[in-house]
Amino acid sequence: MSLKQQASQGAEVNEKMAALMTNSNAVRAIASAVQGTLGPKGLDTMLVDKFGEVVITNDGVTILTMMEANHPAARLVINIAKAQQEEIGDGTTTATVMAGALVSAGVEQVAKGVPVARVIEGIRAGVRRALEAIKERAVHLEDLQHPRVRQVALVAGREHQDIADLVVEAASLIGREKLLEPNFKLSDAVVSEEGAENQVFMGVIINKETMNKQMPRVLEQVKVLVIDDALEPEEIEDEALGTESGFARYLELQNQFRTNIQKIIDLGVGLVLVDRGVDDIAEEMLTDAGIMVVQRVLNKELRRAAEHTGARVIKRTGLRKDLAELQKHLGSADKVLEDEKLEQVWILGGHGKPMATVLVGAATEEVVGERERIARDAASSVQAAIKGGVVPGGGALELAVSREVEKVRENIRGMAAYGVDCVVEALRSPMAQIVANAGFNPLEKIGDVLAAQAEQNKISLGIDCDTGEIVDMLEIGVLDPALVKIHALKAAGEIAEAILRIDTIIKMKEYNKPSDEGAEH
């Protein structure tokens with residue numbers, strides 16, 4: 001082969017690698033932005049916007065969603081991390097760190113000449129075995145009072161004792177059956193408020209005030225009406241209003257609206273929650289009747305209130321029904337009160353489904369936001385632990401699983417074995433980062449732990465981040481939900497495969513707007 005042919009072939013290879021290297025660097029940059037927060041010795045990150053607003057956080061998904069990222073591969077990582085947060089509520093930092101390691105290892109193998117298809121084949125086989133191994137080792141928790149439930153809350157809650165206690169109490173109030181419901185999220189029960197006292201109670205909070213100060217502040221044994229609509233007369237078009245029949249229809253709708261409001265009063269309703277605005281006539285009539293009205297309630301809060309009080313959500317047209325029918329739509333609660341200082345309405349002791357609220361307080365606005373994020377992580381982790389069991393934390397489980405994945409290599413043919421090696425490396429990255437953040441040598445410590453795990457046949461051995469000694473993670477209470485690990489590894493595998501499959505990056509054509517086209521002619 002001539003030098004010219006060799007040179008052209010080399011250029012071709014470099015060109016093919018260019019897209020892969022660009023994407024790999026973007027993924028590694030995203031991973032490096034969050035990896036410093038991992039583990040008990042992880043540090044905080046300060047995010048600053050162009051107006052000088054500051055957010056200080058240790059929360060991986062907050063960093064990922066608030067950071068500026070223009071590269072498409074970086075956005076891919078962020079989107080998958082968001083999906084992990086949506087699904088499980090925790091583990092985004094672990095997923096991102098493992099994705100970064102998996103992509104780096106994969107690109108390294110491709111650069112050495114291993115075909116991308118073989119690397120992906122090996123990654124799939126390795127991830128599949130790793131997921132099986134994690135599921136096999138999960139310890140299921142039947143009792144919400146089990147000490148391990150609190151330990152999960154404590155680890156996810158970054159050692160905040162008060163937050164762990166609040167979350168466990170809320171989980172106990174709600175009960176196991178509710179926690180296992182697919183659409184229920186315990187993290188939604190967490191609210192934070194500057195200057196509030198930490199507490200857990202059976203009830204829901206509406207983050208709005210009542211419509212005016214003439215409405216009562218406290219009501220007991222309350223009937224509740226929830227309107228997923230505006231509490232206003234049905235509208236009529238301006239053109240129709242100019243006609244005699246249209247104006248007659250307008251007067252008819254106004255009278256019908258007053259009749260509907262009177263029905264609410266006659267039913268003995270004490271609290272009306274409205275999705276949108278409330279008409280002046282309705283406000284006046286309901287105020288005179290001593291009824292609390294809260295307008296423009298967030299849809300999520302509206303649904304929680306309906307569920308907790310047992311109310312059936314109704315549209316404004318539904319108010320045309322007779323009193324007996326409307327009665328069936330009402331919910332009830334033991335007590336409703338307005339906290340003027342916090343500008344909230346509290347609904348306590350609803351007669352529908354159990355619904356606990358975790359109120360987290362702090363001294364300043366910046367701190368209260370971070371405490372809410374921590375409490376939400378703890379709540380998500382507790383729920384995930386109840387759903388899928390717990391495993392040793394601190395990267396110990398991933399290290400033990402990496403030894404299982406190594407066995408896959410022995411039974412896999414050809415160059416796909418190099419893809420399995422990538423998974424082994426990725427599984428070791430969480431402990432490596434945790435140890436590095438604690439100020440120890442990751443290579444040395446991982447070697448020590450691997451030897452100890454094999455020698456003692458214990459998958460729960462890891463590193464004490466204070467002393468650097470080998471300890472049993474189960475004994476010292478460092479536990480993670482199995483589902484967090486499972487989804488983090490799945491997410492890392494998806495990111496790596498998607499990045500490795502991209503062979504070429506082509507900028508899309510920018511189409512001119514119609515107005516621009518017109519200007520050219």
Side-chain angles (χ1 to χ4, degrees), residues 183-185 188-191 193 201-234 257-258 260-321 323 325-340 342-357 359:
N183 297 323
F184 175 74
K185 288 185 179 177
D188 286 345
V190 176
V191 291
E193 200 66 48
F201 58 87
M202 190 61 86
V204 295
I205 290 178
I206 306 295
N207 281 294
K208 295 276 183 182
E209 295 179 280
T210 51
M211 283 194 73
N212 61 57
K213 298 300 178 190
Q214 284 71 52
M215 288 177 175
R217 304 269 79 84
V218 182
L219 292 169
E220 297 198 3
Q221 301 308 318
V222 190
K223 289 182 182 179
V224 181
L225 177 65
V226 179
I227 301 170
D228 183 16
D229 204 345
L231 190 54
E232 295 168 350
E234 288 176 58
F257 181 66
R258 285 176 181 274
N260 291 344
I261 301 301
Q262 189 58 48
K263 285 180 191 175
I264 295 172
I265 297 165
D266 293 343
L267 283 165
V269 171
L271 172 67
V272 180
L273 301 176
V274 186
D275 179 57
R276 284 182 267 161
V278 174
D279 186 81
D280 292 345
I281 295 169
E283 182 184 354
E284 186 181 343
M285 289 177 70
L286 295 171
T287 302
D288 289 345
I291 296 171
M292 290 173 80
V293 182
V294 187
Q295 64 174 346
R296 306 194 192 286
V297 178
L298 286 174
N299 195 264
K300 185 168 71 175
E301 292 177 357
L302 204 71
R303 301 282 162 190
R304 277 171 58 80
E307 200 174 339
H308 184 52
T309 60
R312 285 164 57 192
V313 177
I314 197 170
K315 297 285 183 189
R316 60 179 158 182
T317 49
L319 294 172
R320 295 177 193 162
K321 296 175 181 177
L323 290 178
E325 272 300 306
L326 282 174
Q327 185 77 44
K328 294 174 186 174
H329 284 79
L330 301 184
S332 55
D334 293 338
K335 190 174 185 178
V336 176
L337 59 93
E338 181 178 23
D339 189 317
E340 291 184 68
L342 300 179
E343 299 178 347
Q344 294 172 335
V345 172
W346 293 26
I347 304 169
L348 308 173
H351 297 174
K353 292 186 177 178
M355 197 74 73
T357 291
L359 180 60

Should [X] and [Y] count as side-chain neighbours, where that means a heavy-atom distance under 4.5 Å?
| X | Y | result |
| --- | --- | --- |
| Met202 | Leu348 | no |
| Thr309 | His351 | no |
| Gln344 | Ile206 | no |
| Thr210 | Val345 | yes |
| Asp266 | Gln262 | yes |
| Val336 | Trp346 | no |
| Phe257 | Leu231 | yes |
| Val222 | Ser332 | no |

Can you check whether [Y]'s main-chain N or O pairs, donor with acceptor, with [X]'s side chain at less than 3.5 Å?
| X | Y | answer |
| --- | --- | --- |
| Asn212 | Met215 | yes |
| Gln295 | Gly277 | no |
| Thr357 | Gly203 | yes |
| His308 | Lys353 | yes |
| Lys223 | Leu330 | no |
| Arg320 | Arg316 | no |
| Glu307 | Gly352 | no |

Show the nearest heavy-atom pair for residues [X] and [Y], with the distance to one decimal.
| X | Y | value |
| --- | --- | --- |
| Ala356 | Ala189 | O-CB, 3.1 Å |
| Val274 | Val272 | CG2-CG1, 3.8 Å |
| Gly270 | Ile291 | O-CG2, 3.5 Å |
| Ala305 | Val204 | CA-CG2, 3.9 Å |
| Lys263 | Lys321 | NZ-O, 2.9 Å |
| Asn260 | Leu319 | OD1-O, 3.1 Å |

Can you find a side-chain donor-acceptor pair between Thr287 and Gln214 that sits under 3.5 Å? no
Consider only side-chain N and O atoms of Glu343 and Asn207, and report whether a donor and an acceptor are under 3.5 Å apart. no
For the atom pair [atom1] ([X]) and [atom2] ([Y]), what is the distance rounded to the nearest 0.5 Å?
| X | Y | atom1 | atom2 | value |
| --- | --- | --- | --- | --- |
| Ile314 | Lys328 | CD1 | NZ | 12.0 Å |
| Asp334 | Ile347 | CG | CD1 | 12.0 Å |
| Ile261 | Glu283 | CD1 | CD | 11.5 Å |
| Asp188 | Met355 | CG | CE | 9.0 Å |
| Leu298 | Arg304 | CG | CZ | 12.0 Å |
| Leu267 | Ile264 | CG | CD1 | 8.0 Å |

What's the verdict on side chain to side chain contact (heavy atoms under 4.5 Å, CB included) for Val294 and Val297, showing C-alpha distance, side-chain angles and the deciding distance? CA-CA 7 Å; Val294 187; Val297 178; 3.7 Å; yes
Given side chain to side chain contact (heavy atoms under 4.5 Å, CB included), test Asp288 with Leu286 step by step and report yes or no. CA-CA 5 Å; Asp288 289 345; Leu286 295 171; over 6 Å; no
Evaluate Val218 against Lys335 for side chain to side chain contact (heavy atoms under 4.5 Å, CB included), listing each step before the verdict. CA-CA 7 Å; Val218 182; Lys335 190 174 185 178; 3.8 Å; yes
Which is it for Glu340 and Lys213 under the salt bridge (Lys or Arg N to Asp or Glu O under 4.0 Å) test, yes or no, and what are the steps along the way? CA-CA 10 Å; Glu340 291 184 68; Lys213 298 300 178 190; 3.7 Å; yes
Sidechain N-carboxylate O distance under 4.0 Å for Arg276, Asp229: yes
Taking the basic N atoms (NZ, or NE/NH1/NH2) and the acidic carboxylate oxygens, is any pair closer than 4.0 Å for Asp275 and Arg296? no
Taking atom CZ of Arg258 as the centre, does the number of heavy atoms from other residues, nucleotides or ligands within less than 6.0 Å exceed 12? no
Please indicate whether Glu284 has more than 12 foreign heavy atoms, meaning atoms of other residues, nucleotides or ligands, lying under 6.0 Å from its CD. no
Salt bridge (Lys or Arg N to Asp or Glu O under 4.0 Å) assessment of Lys315 paired with Asp228: CA-CA 6 Å; Lys315 297 285 183 189; Asp228 183 16; 3.6 Å; yes
Evaluation steps, side chain to side chain contact (heavy atoms under 4.5 Å, CB included), between Leu359 and Ile205: CA-CA 9 Å; Leu359 180 60; Ile205 290 178; 4.3 Å; yes
